[in-house]
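Here is the structure we will look at, set down as structure tokens.
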Amino acid sequence: MKQFVVIGLGSFGMSLAKTLYEMGNDVLVIDKDEELVQSMAGLVTHAVRADATDENVLKSLGVKNFDVAIVAIGKNMESSIMITMLVKEMGVKYVIAKAHNELHARVLYKVGADRVVMPEKDMGIRVARNIFSSNLLDLIEFSKDYSIAEILPIEEWFHKTLKEIRMRERYGLNVIAAKKMNNEIIVSPGPDYVVDEGDILAVCGKNIDIKKFEIKM
């Protein structure tokens, strides 16, 4: 079991936190919005309303003891930069940060981020680069054991529900989001979600299972 702290409860942070917890990990989420924090009660190990830009708050929550910190604040660049710097300085081994643009990403790397994610920009690039090649569009490592991968569904999945595909049972993977051809994004799709040709699925799981899945594809 790994320990993850997710800072920022936008759709990206919430989906990530819930999936990591469902996979059996210890997950702490932090956000300033009381309503968002309450909505995560029971869905993660701990949900705390706090200002993560306050170093004393991070210390009191024992953030330095976590294996991975995910700074899921994209638009408030000042806060995301400060938090990224603080958690890295405190000794968190692996820090992933969400960036709003390329300048933001460069600064995040300079203050210590091990991995920077730009979901909106990266999505188009990944699809364009991989139309002719692998079904595995991207791999984002959270640790040596866990990653998120974006994949194109295989033909036998078309027009079937996630329940029928049995992604978790057959491949050990959780579908955390889906993007339709019209750019509609569905976060945490339910078991009745129907997979169509042209969908992009974001899945989370152990690297060993993702590797099997890549070979299977």
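What you see is a predicted model; the values in this text were computed from it and never measured.
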Is there a donor-acceptor contact under 3.5 Å from the side chain of [X] to the main chain of [Y]?
| X | Y | result |
| --- | --- | --- |
| Arg49 | Lys32 | yes |
| Asn25 | Gln3 | no |
| Asp31 | Leu9 | yes |
| Thr19 | Ile176 | no |
| Glu164 | Thr161 | yes |
| Asp196 | Asp199 | no |

Query - Full working for side-chain contact (heavy atoms from CB on, under 4.5 Å) between Ile96 and Asp114 - result: CA-CA 6 Å; Ile96 300 167; Asp114 297 288; over 6 Å; no
**Report entry** Minimal non-hydrogen separation, Tyr193 against Ala178, with atom names
**Finding:** OH-CB, 3.5 Å
Query - Smallest separation among heavy atoms of Gly13 and Val6, with atom names - result: O-CG1, 3.7 Å
Requested in this report: Apply the test side-chain contact (heavy atoms from CB on, under 4.5 Å) to residues Lys59 and Lys64: give CA-CA distance (whole Å), side-chain angles for both, the deciding distance (0.1 Å), then the verdict.
Outcome: CA-CA 7 Å; Lys59 287 181 178 178; Lys64 69 178 181 179; over 6 Å; no
Query raised in the report: Under the side-chain contact (heavy atoms from CB on, under 4.5 Å) criterion, do Thr45 and Tyr21 qualify, and how do the steps go?
Result: CA-CA 7 Å; Thr45 312; Tyr21 179 70; 3.5 Å; yes
**Report entry** side-chain contact (heavy atoms from CB on, under 4.5 Å) between Ile30 and Leu61, worked out
**Finding:** CA-CA 10 Å; Ile30 305 172; Leu61 293 172; 3.6 Å; yes
